[in-house]
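Read the structure below first, then the notes.
Order of the sequence lines fixes the chain letters, A, B, ..., with proteins taken first and strands second; residue numbering starts at 1 for each chain.
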Number of protein chains: 2
Amino acid sequence: MTEATDDRSEPSDSPCDVDCYCQLNGLMDLLSRRYAMQLICVVGAIGPARYGEIEDTFESVSSSTLSSRLDDLVDAGYLSREQYAEIPPRVEYDLTDAGEELCRRLQPLLEWAADRDV
Amino acid sequence: MTEATDDRSEPSDSPCDVDCYCQLNGLMDLLSRRYAMQLICVVGAIGPARYGEIEDTFESVSSSTLSSRLDDLVDAGYLSREQYAEIPPRVEYDLTDAGEELCRRLQPLLEWAADRDV
DNA sequence: CAGAATCCATTCGGATACTG
DNA sequence: CAGTATCCGAATGGATTCTG
């Protein structure tokens, strides 16, 4: 018999093997970009949020950076973007279902992170 | 009375206000670097792990990148590094207490992420 | 108001070669 | 084995200006 002191050679039962953490997948790349994780939780916290609201929440973020990060999250399906035909224009971002799930999984991390090093 | 349809104007009771997500703190910067989150969970999964073990777990990572990421996490206090005076040299990385807490908060996220986009 | 476009300094991470 | 040192292209994010 093959020596199997641990289960690393038999990934059959584990629903999520260690290796799964290592395949750099698109989501991790996305979340690693600046403000991405914070944005999910902020939108989750203040519900449908206008662009300006979100911008104000962050102390300093350039509009170009914020825009591209919002686009990323919309394109990836974690944020929805509703544009109203008004003047002045109004845009509202909100979490999609996937975004809510993501937010749920991010919140424990971000809360702890915020406590740690303010 | 002041209108308070939501609690955004009264952040008194909330232990972690929305704003806390926005202060870009050092931990989020650290976690946003490549492999950082995965490393925490990998070390959490395979216990005390040698450098080579960790390297093998990732399909492709240059030693320079892996080294610097491990250094980051050690310096930040999430990984411990034990070096044994043997030949050939042996080094073992493990989670610190803070690292374990971090791992606990990362795991739900990474497991979900791995399921999502393989 | 909610961005888009452009430009640019900095940072990041991979490749490669070398070492105690 | 477990890195370090150096080099370099690519990606990132900020500043600024402009627009429907």
What bend angle does the helix from C:dC1-D:dG20 to C:dG20-D:dC1 show across its length, from five-pair end axes and to the nearest 10 degrees? 60°
Test item: [X] side-chain N/O and [Y] main-chain N/O as donor-acceptor pair under 3.5 Å:
{"X": "B:Thr96", "Y": "B:Gly77", "value": "yes"}
{"X": "A:Asn25", "Y": "A:Met28", "value": "yes"}
{"X": "B:Arg69", "Y": "B:Arg33", "value": "no"}

What's the [atom1]-[atom2] distance between [X] and [N], to the nearest Å?
{"X": "B:Arg69", "N": "C:dG13", "atom1": "CZ", "atom2": "C1'", "result": "8 Å"}
{"X": "A:Glu92", "N": "C:dA2", "atom1": "CD", "atom2": "C1'", "result": "13 Å"}
{"X": "B:Glu55", "N": "C:dA15", "atom1": "CD", "atom2": "P", "result": "12 Å"}
{"X": "A:Arg90", "N": "C:dA2", "atom1": "CZ", "atom2": "C1'", "result": "13 Å"}
{"X": "B:Tyr51", "N": "C:dT19", "atom1": "OH", "atom2": "C1'", "result": "14 Å"}
{"X": "A:Leu70", "N": "C:dC1", "atom1": "CG", "atom2": "C1'", "result": "14 Å"}
{"X": "B:Arg81", "N": "D:dA2", "atom1": "CZ", "atom2": "P", "result": "10 Å"}
{"X": "B:Glu53", "N": "D:dA2", "atom1": "CD", "atom2": "P", "result": "9 Å"}

Just call it for [X]: base, sugar-phosphate, or nothing, with non-hydrogen atoms closer than 4.0 Å on any strand.
{"X": "A:Tyr84", "value": "nothing"}
{"X": "A:Asp71", "value": "sugar-phosphate"}
{"X": "A:Ser67", "value": "sugar-phosphate"}

Test side-chain contact (heavy atoms from CB on, under 4.5 Å) applied to [X] - qualifying residues, sequence neighbours left out:
{"X": "A:Glu59", "result": "B:Gln23"}
{"X": "B:Ala49", "result": "B:Ile46, B:Glu53, B:Ile54"}
{"X": "A:Ala76", "result": "A:Leu30, A:Tyr78"}

Using ring pair (Phe, Tyr, Trp, His ring centres under 6.0 Å) as the criterion, list what pairs up with B:Tyr35, not counting sequence neighbours. B:Phe58
Side chains of B:Arg105 and B:Gln107: any donor to acceptor distance under 3.5 Å? no
Strictly by modelled atom types, are A:Thr65 and A:Ser62 linked by a side-chain donor-acceptor pair under 3.5 Å? yes
Please write out each protein N/O paired with an N/O of nucleotides 14-20 of chain D under 3.5 Å, distance rounded to 0.1 Å.
unit_1 : atom_1 : unit_2  : atom_2 : d
D:dG14 : OP1    : A:Arg34 : NH1    : 2.6
D:dG14 : OP1    : A:Tyr35 : OH     : 3.0
D:dG14 : OP2    : A:Thr65 : OG1    : 2.8
D:dA15 : N6     : A:Ser64 : OG     : 3.0

Please determine, for the side chain of B:Arg33, which listed nucleotide (C:dG13, C:dA2, D:dA2) has the closest atom? C:dG13
